[in-house]
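Report on one structure; see the data block that follows.
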Amino acid sequence: MASPAPRLPVAGPSSEPKASMLKRMGGPSDLKAGVGRGGIRTAEEIQHIVHEVSKRSKYFKDQERRDRELQVKVDKLKGRLAQEELTARGDEEDKADAILKELEETRDLSRVIALIDADAFYAACHVRVNPELEGKAFGVGGGMLTTASYGARKYGCRSAMPFFIAQKLCPHLVSLKLEPDLYVKASREIFAVLSKYGTIAPASLDEAYVDLTQYCADQDVTPTEAITRLRAEVQATTGLTVSAGVSPNKTLSKIAADVNKPNGQFVIDPTREACMEFIQGVRLRKCFGIGRVCETLLNGIGLETVGDIFRDRAKLYLVRHHLGQSAHFRFLLGLYLGLGRNRVKRAKRGDRKTYGVEKTFTPTSDPGKLDDVIRRVAKSLAKDLKRADFSGRTVTLRIKHADFVSVTRAHTPGKNIYLRDYKDLVRIGLMLLHKEIDERPKLIARGEEVKGGRNPVLKARLLGLRVGNLRDERALAKANKLDGWVRVSSRSTPEIELSDSDTDVQRDSDLDDDEDEDDDEADPGKRALNAVMRDAAIDPFADAGDGEGGVKKEDAACDPAAFGGASGSGSGSWMCVDDYDNDAEDEDAEVVRGRFGVHRGATVPKPSQRRAQQPSSSTIVQGSSLAAASRAGSPPKRKSPAAEDASANEKGKKRRIRKEEEEAAKPASGNEWTCPVCDKVFAGSEAAMSGHVAKHFADDEPPARPKVKVKKECGSLGGGGMGGSKVSSKTKVKGKGRKG
DNA sequence: ATACATACC
DNA sequence: AACTGGTATGTAT
């Protein structure tokens with residue numbers, strides 16, 4: 001942070017940029033994703049250049065709005081604190097100390113947990129096959145940079161930065177096309193090595209936790225020796241360098257891995273003193289789960305580092321209910337103590353909560369184009385659901401207005417109505433969208449609040465659909481001892497009468513269209529995964545059920561949670577999750593958690609139901625008048641949802657969809673990623689796929705420990721909304737018996 | 001049940 | 001000109 005005298009190359013006749021905005025736009029270049037030492041530009045230069053380039057954009061305006069709102073929050077919090085201090089009883093520190101004592105008792109220093117993180121992974125993958133790139137300043141990715149090489153980072157370029165901005169920072173910046181195969185291969189190689197040292201839990205393509213406890217014991221080596229060997233072996237066998245953090249838990253290891261990056265390691269001794277000493281000076285923002293908002297709030301009341309949590313524990317106690325989910329008192333105290341989760345485990349299929357697809361496009365108000373986007377999104381989502389064999393009860397539409405402000409609108413057709421088909425998703429999606437479009441002018445006329453400006457005509461830059469309240473059709477089928485698939489009606493009417501033939505044909509033709517011709521067979525996910533892992537000779541993953549599964553609980557699953565327990569059960573509640581997850585009784589587990597019962601729906605034909613047999617796309621394309629009609633007709637008036645639905649059922653629909661897609665607003669970014677395991681397609685975001693892939697690896701960890709009963713969770717601390725603590729008591733309970 | 005905010009990769 | 005996509009989870013209503 002200390003930066004030399006500001007020599008700002010930027011012209012800025014306009015008013016002084018706000019410091020908060022400079023920091024915001026400059027992004028995490030100074031902290032979380034640290035640009036670090038050796039920079040050619042100072043933090044100030046970077047901030048000002050970025051500011052200059054983007055200050056007139058809508059994106060910037062939106063950021064300013066957020067900045068203002070955040071400032072209001074900070075002021076409010078300060079006010080609260082001032083007020084509370086007036087009536088403080090003076091025993092706040094004692095209260096905090098009592099909790100600290102309680103948390104301290106949960107400390108577990110028995111394990112050796114490492115977090116391995118590849119250095120500039122995507123960039124390094126390119127260098128590996130093209131040594132000439134060594135040392136050069138280049139970025140990977142087109143519109144948005146997936147990664148910047150270290151050569152480019154010196155100029156302030158970083159991942160998730162739009163290319164045009166990165167280019168301003170580094171004029172000679174080169175952009176390399178994304179080559180997913182390259183990264184997947186490298187990732188596989190790295191994980192293969194890691195798995196020789198212990199149980200691993202990938203958090204993304206280039207990052208994984210490894211439990212070195214057993215290795216250290218078996219080899220009779222220190223954690224330092226173990227991680228030194230591991231890193232050397234990774235480099236020797238893959239040519240890629242990784243950085244690592246080692247400590248008794250994930251929280252500390254994650255932070256430690258950043259200390260000597262790149263190509264470095266940091267080991268924290270398994271003692272209370274070492275753990276606490278290490279974390280005291282850490283900036284709050286570096287901690288998993290503390291994002292921009294939380295950091296700003298805490299800064300607002302005087303805290304900068306983890307150590308300050310203790311110093312200001314009385315303050316924190318006073319405003320403990322106003323910190324926002326991610327900053328719950330316990331979570332912060334646990335952080336101060338250097339506590340964290342220490343189980344390296346994977347999530348399961350049943351942990352999945354939602355499926356969704358969203359698309360960004362050139363902002364438009366054209367109803368036809370918006371409808372088309374919904375169709376494309378619905379189609380894609382239906383395909384995902386079918387592939388993964390899930391259905392859900394609630395459909396949520398997300399609209400991001402042209403000014404970047406977004407809203408969500410949800411619809412749940414009925415208590416026992418589970419959806420998964422294209423036609424249902426489009427119908428509901430269009431219904432929600434049209435309702436929003438139609439209501440808008442009325443609300444504005446009435447002078448009511450609306451997002452996205454005051455123009456009565458809705459103009460959007462993104463539309464997305466998400467399905468929640470999931471039901472695992474596979475588990476359901478298993479529970480019912482059915483061999484084939486089981487499905488519930490997808491009609492909007494509670495009457496579940498399915499005209500099977502209809503729906504089926506429907507489904508198949510709808511979704512397939514282009515690619516999925518081969519997706520399901522016996523167990524596509526498993527096959528694919530095995531294929532992926534084969535070369536790497538990793539077996540622990542042998543059984544990755546399907547393409548989906550829990551997620552990035554990883555860290556999450558780890559830390560904040562540990563403090564979550566309300567008084568008392570801190571880690572206990574976690575155990576519940578861990579144990580459950582690790583449980584051997586998978587079958588039972590599935591049964592229990594699989595929400596079954598339900599399902600009075602019709603049984604559907606076997607899986608294989610051939611989409612394979614569907615007409616070839618060429619045939620389809622030949623198609624007919626429907627398409628022409630529908631698009632030529634592009635009626636000034638929109639069809640009613642019902643009509644839409646009906647038409648969707650038409651035979652020529654496929655073709656029509658295809659055509660419409662071509663006409664839909666163009667995606668803002670052209671990148672496409674295909675998951676190597678399940679073939680799910682990700683548009684424009686490597687990060688999304690990266691996280692997704694981890695789930696496959698994570699999908700089925702060999703059962704490890706006997707189940708342990710745990711109790712409650714704590715009220716307020718749920719661990720929190722922060723990225724981290726994903727598991728809440730609710731989740732836990734749910735996990736065990738989600739029902740329809 | 002719905003809407004929104006925060007966080008992570 | 002131009003700033004992603006997918007998922008989880010907590011709070012509030």
Side-chain angles (χ1 to χ4, degrees), chain A residues 25 27 32-33 50 53-54 56-60 62-63 66 69-70 73 117 141-146 159-168 202-207 254 288-294 297 321 324-328 347 351-360 362 381 384 393-394 396 398 400 404-412 415 451 461-462 464 466 468-469 548 550-557 560 667-673 680-695 716-728 730-731:
Chain A
M25 301 306 292
K32 215 129 190 171
V50 173
V53 181
S54 50
R56 279 169 221 86
S57 67
K58 280 188 170 147
Y59 178 76
F60 185 84
D62 179 59
Q63 291 298 306
R66 289 169 195 269
E69 289 175 1
L70 182 50
K73 278 191 190 175
D117 190 15
M144 287 284 238
L145 292 189
T146 283
S159 59
M161 179 181 272
F163 181 74
F164 78 94
I165 290 179
Q167 212 172 21
K168 283 289 191 303
S204 69
L205 280 183
D206 75 325
E207 186 180 327
K254 171 90 176 165
F288 188 95
I290 296 186
R292 191 206 306 277
V293 173
C294 185
L297 287 176
H321 300 306
Q325 60 222 50
S326 54
H328 283 306
D351 293 338
R352 164 74 75 151
K353 307 287 187 303
T354 65
Y355 272 89
V357 171
E358 55 189 47
K359 292 273 182 274
T360 293
T362 306
L381 179 53
D384 289 346
R393 300 171 49 220
T394 303
T396 301
R398 178 151 99 101
K400 192 192 281 182
F404 286 90
V405 178
S406 55
V407 298
T408 57
R409 298 289 177 250
H411 177 64
T412 302
K415 205 163 180 197
K451 298 290 181 84
R461 66 171 357 258
L462 168 150
R466 181 160 294 278
N469 275 325
E548 301 312 296
V551 195
K552 26 175 81 175
K553 299 195 147 194
E554 296 315 325
D555 301 340
S669 119
N671 303 329
E672 278 221 331
W673 293 75
K680 177 174 167 57
V681 175
F682 292 79
S685 168
E686 147 282 329
M689 187 192 83
S690 185
H692 165 93
V693 170
K695 295 185 220 166
S716 49
L717 353 142
M722 45 229 227
S725 58
K726 328 252 151 169
V727 187
S728 69
K730 241 187 220 166
T731 303

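If you're wondering where the values come from, they're calculated on a predicted model, not measured in any experiment.
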For a quick test of reading the model: is some side-chain N or O of [X] closer than 4.0 Å to OP1 or OP2 of [N]?
| X | N | result |
| --- | --- | --- |
| A:Arg409 | B:dC4 | yes |
| A:Lys58 | C:dC3 | no |
| A:Arg466 | C:dG6 | no |
| A:His411 | B:dA3 | no |
| A:Arg461 | C:dC3 | yes |
| A:Ser57 | C:dA2 | no |
| A:Thr412 | B:dT2 | yes |
| A:Arg393 | B:dA1 | yes |
| A:Lys400 | C:dC3 | no |

Among A:Arg461, A:Glu358, A:Arg398, A:Lys451, side chain to side chain contact (heavy atoms under 4.5 Å, CB included) partner for A:Ser406: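 Single side chain to side chain contact (heavy atoms under 4.5 Å, CB included) partner of A:Ser406 among A:Arg461, A:Glu358, A:Arg398, A:Lys451: A:Arg398.
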Any residue meeting side-chain contact (heavy atoms from CB on, under 4.5 Å) with A:Ala160, in chain and number order, not counting sequence neighbours: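 Here no residue qualifies.
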Residues in side-chain contact (heavy atoms from CB on, under 4.5 Å) contact with A:Thr354, at least two apart in sequence or another chain: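 side-chain contact (heavy atoms from CB on, under 4.5 Å) check on A:Thr354 returns A:Arg466.
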Closest to side chain of A:Phe404, choosing from B:dC4, B:dA7, C:dT4: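 Nearest to the side chain of A:Phe404 among the choices is C:dT4.
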Closest to the A:Ala410 side chain, choosing from B:dC9, B:dC4, B:dT2: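 Within the option list, the nearest is B:dT2.
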Touch class at under 4.0 angstrom, heavy-atom based, for A:Val407 against every strand present: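 Sugar-phosphate contact only - A:Val407 comes under 4.0 Å of backbone atoms but never of a base.
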Sugar-phosphate, base or nothing in reach of A:Ile165, heavy atoms under 4.0 Å: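 If one applies the 4.0 Å heavy-atom cut-off, A:Ile165 turns out to touch a base.
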Whole-angstrom distance between B:dA7 and C:dT4, as gauged at atom C1':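 16 Å, rounded to whole Å.
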Check: C:dC3 base within 3.5 Å donor-acceptor of A:Ser54 side chain: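 Counting by modelled atom types and ignoring angles, a donor-acceptor contact under 3.5 Å is found here.
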